[in-house]
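Note on naming: letters A, B, ... go to the chains in the order of the sequence lines (proteins, then strands), and numbering restarts at 1 for each one. Note that the structure is predicted; figures quoted are calculated from it, not measured.
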Amino acid sequence: MVTIISTMETQVSNGPSGTSLPNGPVISTNGSTDDSKTNLIVNYLPQNMTQEEFKSLFGSIGEIESCKLVRDKITGQSLGYGFVNYVDPNDADKAINTLNGLKLQTKTIKVSYARPSSASIRDANLYVSGLPKTMSQKDMEQLFSQYGRIITSRILVDQVTAGISRGVGFIRFDKRNEAEEAIKGLNGQKPLGAAEPITVKFANNPSQKTGQALLTQLYQTAARRYTGPLHHQTQRFSMIPSLGKGPDPNSSSKPILDNLLNASYGVKRFSPITIDSMTSLAGVNLTGPTGAGWCIFVYNLSPEADESVLWQLFGPFGAVTNVKVIRDFTTNKCKGFGFVTMTNYDEAAMAIASLNGYRLGDRVLQVSFKTSKQHKA
DNA sequence: TACGATT
């Protein structure tokens, strides 16, 4: 059993990102040790790396004064980064030269000097949405750099289409006040040439992710591995006469589509809870077909709805590559709608025809292809 | 909360 080494503390609140320090002496006003040349932050560690492995890897470079793999206070999950403080600054330098960029499983680790712990660098991370799909990370940095020094930035990409921007990203500034100014200056503004304004706000702390959300992440990762094999489901629905008419509204009101599931003739459908072998997520590869697929909008989900509901609803109709329940970030309750991506048009159309108007509990679902974002009149 | 997205 792994011991939880640390919880959220001052230095940890820097978040999973660090940066190099300029050379030169650091003036200490409180007499504390200057560790600016010995203390490193290590980012993008594999999820399953232990404190012991972490120490072993960095201890191979030289004598360590202290090191810490950062874990979530509640769940004990690794947050994917840690700190290493060497006795000798030369070893810190050597660790950067030797281990930065090292590939461990699916990750490429980043090793750099840690910034000194300070209140002013806390909560300096921004979440940006509504970015034009054509905007690169460089473009985004250029847009934000007028407000301060950028420590890290990232644009999220669609894993299925391998590299297409999802229009959302992150910017971490060196200082919180810089981040605040960027919000004031850029939130609701249209980047040059963009059709829509962007949203800029403080990012949520990933460590605040609920257990439910963590499980969802695991489900989705695992589910993608099944995307290819599930593809052959296409054929079998032509043999189910009742599907086109939708479920019988007079049948029992047992939860979640008993009718449709029974109609599946025992063909194994994907269900998150049946997934085993999630113990080792090492070496997960995205195999199988890629492509955008058909995005379906599902409205009138209950506040308690989760991703497994969508998998169960849509899985019987064919290849589902992605599901998403949209939640309020404060309450974590479903906002009443979600999205499902299906690979094949025919299957998506059949799912829509069957599930639109379907009664789920005491709600009637509205299901359609996703439309483009609404504009103000 | 009627068309998102949280490294």
Side-chain angles (χ1 to χ4, degrees), chain A residues 14-18 41-47 70 72 77-81 106-110 123-133 135 137 140-141 150-161 163-173 179 196-210 212-214 216-217 220-221 292-307 310 321-341 352 356 363-377:
Chain A
N14 295 1
S17 176
I41 182 168
V42 185
N43 287 292
Y44 311 116
L45 293 166
Q47 178 67 41
V70 180
D72 181 271
Q77 289 259 334
S78 167
L79 296 183
Y81 68 101
T106 62
K107 304 285 190 176
T108 302
I109 70 171
K110 176 184 174 186
D123 304 320
N125 197 26
L126 298 180
Y127 175 76
V128 189
S129 60
L131 293 166
K133 299 290 194 285
M135 182 176 272
Q137 181 183 12
M140 184 173 72
E141 286 205 0
I150 293 169
I151 301 302
T152 57
S153 72
R154 171 161 301 184
I155 288 181
L156 302 189
V157 296
D158 186 334
Q159 289 191 305
V160 179
T161 55
I164 305 298
S165 168
R166 293 162 63 189
V168 300
F170 295 89
I171 293 269
R172 179 180 295 277
F173 280 100
E196 300 298 329
I198 61 174
T199 299
V200 184
K201 57 205 273 194
F202 283 109
N204 293 350
N205 187 334
S207 69
Q208 290 167 352
K209 190 177 278 190
T210 65
Q212 174 66 251
L214 283 169
T216 294
Q217 196 170 52
Q220 307 244 116
T221 302
W294 301 88
C295 192
I296 298 168
F297 175 63
V298 185
Y299 179 70
N300 213 15
L301 297 169
S302 87
E304 315 305 326
D306 66 4
E307 271 72 10
L310 294 179
T321 57
N322 190 256
V323 302
K324 184 75 183 175
V325 167
I326 304 304
R327 295 183 172 84
D328 181 287
F329 267 96
T330 306
T331 66
N332 208 36
K333 299 288 187 188
C334 174
K335 291 162 86 166
F337 62 98
F339 298 92
V340 174
T341 304
I352 290 169
N356 185 40
R363 292 162 174 271
V364 177
L365 298 183
Q366 293 177 44
V367 183
S368 62
F369 283 112
K370 179 186 184 299
T371 65
S372 60
K373 189 179 170 185
Q374 289 181 352
H375 293 212
K376 295 184 298 246

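- Rounded to whole Å, atom P of B:dA5 lies 15 Å from atom CG of A:Leu310.
- Of the listed nucleotides (B:dA5, B:dT6, B:dG4), B:dG4 has the atom at the smallest distance from the side chain of A:Cys295.
- The distance between atom CD1 of A:Ile352 and atom C1' of B:dC3, rounded to the nearest whole Å, is 13 Å.
- In this structure, the nucleotide among B:dT7, B:dC3, B:dG4 sitting nearest to the side chain of A:Leu156 is B:dT7.
- Note: CD1 (A:Ile155) to P (B:dA5) measures 17 Å, nearest angstrom.
- Atoms CG (A:Asn125) and C1' (B:dT7) sit 8 Å apart, rounded to a whole Å.
- The side-chain contact (heavy atoms from CB on, under 4.5 Å) search around A:Ile326 returns A:Lys324, A:Lys335, A:Phe337, A:Phe339, not counting sequence neighbours.
- If you check B:dA5, B:dC3, B:dT7 against the side chain of A:Tyr127, the one that comes closest is B:dA5.
- Summarising the geometry of A:Lys107 relative to A:Tyr44, their closest heavy-atom pair is CB-O, 3.1 Å, with the distance given to 0.1 Å.
- Close to B:dT6, at under 4.0 Å from its OP1 or OP2, lies a side-chain N or O of A:Arg166.
- In terms of heavy-atom proximity, A:Ile109 sits nearest to A:Pro46 at CG2-CD, 4.5 Å.
- Ranking B:dA5, B:dT6, B:dC3 by closeness to the A:Lys370 side chain, first place goes to B:dC3.
- Contact annotation: A:Lys133 side-chain N/O to B:dA5 OP1/OP2 distance is not under 4.0 Å.
- In this structure, the CD1 atom of A:Ile296 is 21 Å from the P atom of B:dA2, given to the nearest Å.
- Counting non-hydrogen atoms under 4.0 angstrom, A:Lys333 reaches nothing in the nucleic acid.
- In this structure, A:Leu365 atom CG and B:dA2 atom P are separated by 16 Å, rounded to whole Å.
- The nucleotide whose nearest atom lies closest to any side-chain atom of A:Asn322 is, among B:dC3, B:dG4, B:dA5, B:dG4.
- Here B:dT7 presents its C1' atom at 15 Å from CG of A:Asp158, a figure rounded to the nearest Å.
- With distances taken from any side-chain atom of A:Ser368 to the nucleotides B:dC3, B:dT6, B:dA5, the minimum falls on B:dC3.
- Judged by distance alone, the side chain of A:Glu141 and the main-chain N or O of A:Ile150 form no donor-acceptor pair under 3.5 Å.
- Between B:dC3, B:dA5, B:dT7, one nucleotide has an atom nearer to the side chain of A:Phe329 than all others, and that is B:dA5.
- Taking atom CD of A:Glu196 as the reference point, atom P of B:dC3 lies 13 Å away to the nearest angstrom.
- Relative to the side chain of A:Tyr299, the nucleotides B:dA2, B:dT7, B:dC3 differ in distance, and B:dA2 lies closest.
- The nucleotide whose nearest atom lies closest to any side-chain atom of A:Phe339 is, among B:dT7, B:dT6, B:dG4, B:dG4.
- Across all their heavy atoms, A:Met140 and A:Arg154 have their closest contact at CE-O, 3.5 Å.
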